[in-house]
Amino acid sequence: MNTSTFARAVQAALIAAAIGGTSTAVLADIKDYKFELVDQSVQAGPDKVVTVRLVNTKTGKPVPDAVIFASRLDMAPDGMQEMATKVTPMPGTEPGTYRFKATFGMAGRWQLSLGAKVQGETGTVENKLVITAQK
């Protein structure tokens, strides 16, 4: 009888530890992540590379291995959202950076819209970043 009481106590302790361990993961929020431009401007023209960094805003650390499933580049900031261009993902050069190749057909402000999933988090990181293309 003493052994079964001990076994139940150990089982209860393990369950409490498991619940306590998962409660910290629940405190994370998808709003704690954001994309930042590495460079605010690019030269207008074909095959230009834009690099962004995904950051955890609470820790300030880059977030590697996110899955970017949506990307769009258009001139919405200058009122020309119909002026869109193809965005091609490229390998990042360091953890937490994501690169895209695109043609900036004219000088002006371009909006890069991104949607991504962060591993271990529910929800989607969505940001709209403005890049200035210069002549």
Side-chain donor or acceptor of Ser113 paired with backbone N/O of Lys128 under 3.5 Å: no

Shortest non-hydrogen contact between Lys48 and Gln43, atoms and distance: CG-O, 3.2 Å

Spatial distance of atom OG1 (Thr85) from atom CE (Met106) [nearest 0.5 Å]: 12.5 Å

Per-pair distances, 0.1 Å, donor-acceptor, side chain in residues 62-80, under 3.5 Å, sequence neighbours excluded:
from, atom 1, to, atom 2, distance (Å)
Arg72, NE, Asp74, OD2, 2.7
Arg72, NH2, Asp74, OD2, 3.3
Arg72, NH2, Gln81, O, 2.9
Asp74, OD1, Ala76, N, 3.0
Asp78, OD1, Arg109, NE, 2.8
Asp78, OD1, Arg109, NH2, 2.8
Asp78, OD2, Arg109, N, 2.9

Reported CE-to-CH2 distance for the pair Met83 and Trp110, which is rounded to 0.5 angstrom: 4.5 Å

Test side-chain contact (heavy atoms from CB on, under 4.5 Å) applied to Val125 and Ile30, step by step: CA-CA 6 Å; Val125 178; Ile30 199 69; 3.7 Å; yes

Heavy-atom side-chain contact between Arg99 and Thr93 under 4.5 Å: yes

Thr124-Lys117 side chain donor-acceptor pair, cut-off 3.5 Å: yes

Linked, directly or transitively: Leu114 and Val130 (ILVMFWY side chains, under 4.5 Å): no

Which atom of Asp29 lies closest to which atom of Glu121, heavy atoms considered: N-OE1, 4.3 Å

Heavy-atom donor-acceptor pair, Asp32 side chain to Lys58 backbone, under 3.5 Å: no

Over all atoms of both residues, closest heavy-atom pair of Val50 and Ile131: CG1-CD1, 3.6 Å

Inter-residue atom distance Lys61.NZ - Arg53.CZ, 0.5 Å rounding: 15.0 Å

Nearest-0.5 Å distance that lies between atom CG in Leu37 and atom CG in Asp39: 8.0 Å

Flag, side chain of Asn56 to backbone of Thr59, donor-acceptor distance under 3.5 Å: yes

Greater than 12 external heavy atoms within 6.0 Å of Lys34's NZ: no

Gap separating the OG1 atom of Thr57 from the NZ atom of Lys31, nearest 0.5 angstrom: 11.5 Å

Cluster check Tyr98, Leu129: I/L/V/M/F/W/Y, side chain < 4.5 angstrom: yes

Separation of Phe100 CZ from Leu112 CG (nearest 0.5 Å): 6.0 Å

Side chain to side chain, Val52 and Asn127, heavy atoms closer than 4.5 Å: no

